[in-house]
Amino acid sequence: MTKSQELFARAQKTIPGGVNSPVRAFKSVGGTPLFMERAKGAYMYDADGRRYIDYINSWGPMILGHAYEPVVKAIQEKSLGSTSFGAPTELEIEMAELIVSMAPNVDMVRMVSSGTEACMSALRLARGFTGRNKFIKFEGCYHGHADAFLVKAGSGVATFNIQTIPGVTAGVSVDTLTAPYNDIDAVEKLVAENAGQLAAIIVEPVAGNMGCIIPAPGFLEGLRAICEKEGIVLIFDEVMTGFRLAPGGAQQRLGVNADLVTYGKVIGGGMPVGAFGGKREIMQHISPSGNVYQAGTLSGNPIAMIAGYTMLRTLNDNPVIYKELDEKTEYLHKGLDKALSKGNLPFVINQLGSMISVHFSDKPVIDFSSAASANNTYFNRFFHSLLDQGIYLPPSAFETWFISAALTKEDIDETLRAVEKAVLS
Ligand code: HOZ
């Protein structure tokens with residue numbers, strides 16, 4: 001029995017399902033989740049001392065790799081001055097100023113503690129600002145686990161194929177309308193049917209919760225135009241893409257403006273952080289300057305702020321990191337193309353910047369239904385073969401892979417050798 005197996009058996013006695021977030025339980029790919037002990041740079045080490053090349057990177061935030069020294073040092077120093085105040089600090093202003101300087105269309109920002117909180121608060125704000133209740137989200141997009149978003153959601157909800165979530169009442173989900181990703185006609189139809197009733201359209205500008213799905217040319221621009229015309233708040237969920245695809249996130253990289261933007265784990269450099277921000281005329285409706293209530297003792301927590309600030313500052317001051325991330329991911333993309341071609345199953349590789357994923361499908365994967373009709377049984381075998389060879393992919397085809405700056409060409413070559421072996425075996 002491995003140490004991970006022992007720990008998993010023990011964990012299940014006191015933690016539901018043995019884990020604190022469902023996807024990591026390996027339930028859909030089968031087998032025992034690996035319990036991690038430490039990580040450094042591009043590598044994670046499990047409880048049995050095995051090393052893995054990490055393509056999850058804590059689901060995105062480890063853009064600079066694990067245990068990036070300036071971040072670790074900043075946390076150590078800051079914690080000597082207390083781990084929480086529940087009162088404002090100068091560092092929160094510095095963090096807000098840095099985010100505002102990096103992200104387009106963000107005049108003001110409110111810190112929270114997770115992406116879930118960021119999205120549910122941004123939706124409340126859009127509703128409070130417009131005085132309307134309904135909103136549109138896209139099938140297979142995931143905006144955290146607040147009730148209203150758990151309709152046709154991606155990530156774990158898709159991974160476990162949960163159709164109806166006990167506890168989410170009809171009352172809270174009745175105003176959630178859904179459309180297929182990349183389908184602007186479906187959005188136009190919903191908007192026409194619900195004229196004057198829509199508060200927001202929320203979208204992952206590059207979707208990462210049904211594997212990686214790229215917005216079709218004109219899709220985001222189409223949403224922008226509809227929102228402009230109908231007075232609807234356009235929310236970009238940049239929990240994955242923010243500060244990863246460019247210093248100004250997907251907005252900057254894809255050249256489309258949002259009214260509100262949500263951020264998550266990335267801006268905490270691995271600490272539990274989220275934020276939502278956007279145009280001043282909307283943001284000033286948030287309490288205490290307005291009446292849309294939102295609060296949190298841990299919001300702007302000093303340890304989380306210094307970790308995030310140190311990482312964002314590094315990214316802001318070294319734009320070459322983005323070029324290198326793109327180059328590495330393109331190298332991986334080309335290599336995967338070559339290695340997977342040696343197998344006998346059709347595949348699709350979707351990539352934008354340092355987000356990439358593979359679906360085993362013979363048709364383009366552009367939305368949830370095409371992602372769901374891929375051969376995910378084969379993905380699960382592929383996942384385990386790579387894991388056995390020391391390559392740690394997300395344990396679900398409904399998640400994107402993330403590349404870190406710490407990953408080397410040699411790591412990618414090692415990964416590609418493992419991929420070749422997996423598809424040939
Ligand atoms: N929902 C997260 C990724 N999309 C998974 C988080 C986790 O299981 O740790």
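One is the number of the first residue; the rest follow in order along the sequence. In each ligand, atom 1 is the first atom listed, and ligand 1 is the first ligand listed. Computed from a predicted structure; not experimentally measured. FYI, side chains are in, hydrogens and waters are out, and symmetry mates aren't considered; it's all heavy atoms of this structure.
In this structure, a donor-acceptor pair under 3.5 Å is present between the side chains of S385 and Q389. D326 and Y331 are not linked by any side-chain donor-acceptor pair at a separation below 3.5 angstrom, with hydrogens and angles left out of the test.
Aromatic rings from Y378 and F360 are positioned such that their centres are separated by under 6.0 Å.
Residues F379 and V358 share a closest heavy-atom pair of CD1-O, 4.1 Å.
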**Message:** If you apply the rule ring-ring contact (aromatic ring centres under 6.0 Å, His included), what do you find for F8 with F26, and how did you get there?
**Reply:** CA-CA 11 Å; F8 191 46; F26 279 28; 8.6 Å; no

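Under 4.0 Å from any atom of ligand 1, one finds heavy atoms of residues S21, V23, R24, W59, Y142, S155, N209, M240, E399.
Side chain of E324 to backbone of A405: no donor-acceptor contact under 3.5 angstrom is found.
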